[in-house]
Number of protein chains: 2
Amino acid sequence: MSDVLSIGEISAQTGLSAHTLRFYEQENLFVNPVARDGAGRRVYGSQDVQWLLLATRLRDSGMPLAEIARYAGLVRAGAGNEQERLDLLREHQDHVRAQMERLSASLDAVTAKISLYEIALVDGDPQNPWSDGVQDCVVPAPPVRAGRQQPPHPSRRR
Amino acid sequence: MSDVLSIGEISAQTGLSAHTLRFYEQENLFVNPVARDGAGRRVYGSQDVQWLLLATRLRDSGMPLAEIARYAGLVRAGAGNEQERLDLLREHQDHVRAQMERLSASLDAVTAKISLYEIALVDGDPQNPWSDGVQDCVVPAPPVRAGRQQPPHPSRRR
DNA sequence: ACTTGTCCTCGAGTCCTCTCGAACTCCTAG
DNA sequence: CTAGGAGTTCGAGAGGACTCGAGGACAAGT
């Protein structure tokens with residue numbers, strides 16, 4: 001039960017690049033300090049894979065790396081802070097739910113717009129009110145109140 | 001029907017800061033070039049509000065500004081490219097749906113983890129298998145295949 | 001001996017989306 | 001006339017999450 005994985009192997013298993021893995025380590029995203037072999041190479045275990053899979057889930061659902069690091073820190077600290085971990089997770093759960101609602105509202109707006117275009121195209125109505133395409137922006141009105149909220153962005157695909 | 005809005009007013013109505021509005025203009029996110037008054041000040045109309053509300057929806061659902069700019073460009077170009085607009089929107093629709101699926105999978109994982117902690121806490125089992133908190137990382141396995149996909153990030157709230 | 005492959009460190013660069021500040025112009029009210 | 005508030009431009013900086021590359025080490029295969 002103590003499989004030993006190289007950075008290349010764990011990279012393959014998690015989908016994270018070796019570069020990213022080192023970066024994550026540096027950012028304290030691991031629960032345990034990463035061990036090294038005689039030649040100074042990183043040695044991972046399967047529990048690291050499990051952890052990383054969870055971590056990427058958290059990240060993909062919008063948790064900042066710093067927060068994941070905080071969570072990792074709590075786990076690293078050992079028993080006694082379960083309540084804190086739970087709070088952190090619950091808070092994130094709320095974020096995710098909110099995110100999904102926003103997404104679903106946006107999806108509705110996009111879907112509505114798509115139908116409009118579909119209708120217009122099927123009707124073969126080439127130069128109708130589409131010339132400016134703005135009047136049809138009748139989207140449900142955003143639930144937004146103030147400030148920014150949850151912008152995403154990929155970075156470069158490798 | 002031609003209300004005239006200052007940058008401050010449109011900022012209030014869209015939740016975007018004046019700085020951001022200027023930035024968006026610079027990035028060609030507007031359908032029409034923004035008019036100016038005698039003193040060189042920006043003058044917006046209510047259609048701009050509508051457009052911005054749609055644009056923020058697109059952005060909030062993960063469309064990069066560059067893509068929104070492309071869409072705006074198509075609309076600006078006038079009738080004749082409806083198919084292209086439709087394609088763009090359909091593609092985004094797919095992205096949003098995929099995003100929601102990922103989110104929902106992550107939510108499941110988080111929810112599962114939360115239940116585990118809840119159980120452990122209710123059982124008042126303070127120093128149980130929680131010491132390392134890793135063994136419970138039995139998350140459904142990510143649908144991820146390769147490369148990065150949809151990281152989010154807020155920037156600074158103002 | 002040499003090539004290949006995988007790994008190491010460290011620092012810099014990139015992308016995206018803002019966000020801020022400095023320095024200046026206008027308009028309006030008192 | 002003056003002060004305040006809202007606008008303007010331009011350029012720099014910030015934050016987040018990578019991503020890349022140079023330069024070097026070591027181990028195994030031919």
Does anything in residues 35-42 of chain B come within less than 4.0 Å of DNA chain C? Heavy atoms only, and list the residues if so.
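Heavy-atom cutoff 4.0 Å gives B:A39, B:R41.
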Kindly say whether the aromatic ring centers of B:W51 and B:Y71 come within a distance under 6.0 Å.
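They qualify: ring centres under 6.0 Å apart.
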Between [X] and [Y] (side chain of the first, backbone of the second, donor and acceptor by atom type, cut-off under 3.5 Å), is there such a pair?
{"X": "A:E84", "Y": "A:L74", "result": "no"}
{"X": "A:E9", "Y": "A:I7", "result": "no"}
{"X": "A:Q47", "Y": "A:G45", "result": "no"}
{"X": "B:R76", "Y": "B:F30", "result": "yes"}

Strictly below 4.0 Å, N to O, side chains only: are B:R85 and B:E67 in salt-bridge contact?
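A salt bridge is absent here (no side-chain N lies under 4.0 Å from a carboxylate O).
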Spacing of [X] atom [atom1] relative to [N] atom [atom2], expressed in whole Å:
{"X": "B:I68", "N": "C:dC18", "atom1": "CD1", "atom2": "C1'", "value": "13 Å"}
{"X": "A:F23", "N": "D:dA17", "atom1": "CZ", "atom2": "C1'", "value": "5 Å"}
{"X": "B:L29", "N": "C:dC18", "atom1": "CG", "atom2": "P", "value": "9 Å"}
{"X": "B:E27", "N": "C:dC16", "atom1": "CD", "atom2": "C1'", "value": "9 Å"}

Using a cut-off of less than 4.0 Å, is there contact between a side-chain N or O of A:R22 and OP1 or OP2 of D:dT19?
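A:R22 to D:dT19 OP1/OP2: no side-chain N or O under 4.0 Å.
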Symbol by symbol from the 5' end, with Watson-Crick or G-U pairs under 3.5 Å, [ ] crossing and | another strand, DNA chain D is ||||||||||||||||||||||||||||||
Could you say whether B:G8 or B:H19 is positioned toward the 5' end of DNA chain D, judged by the nucleotide with the nearest heavy atom to each?
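Result of the comparison: B:G8.
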Polar side chain donor-acceptor pair, A:S46 to A:D3, under 3.5 angstrom
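There is such a pair between these side chains.
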Testing B:L21, B:T20, B:L5, B:L16 for side chain to side chain contact (heavy atoms under 4.5 Å, CB included) with B:S11, which one passes?
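Exactly one candidate clears the test, B:L21.
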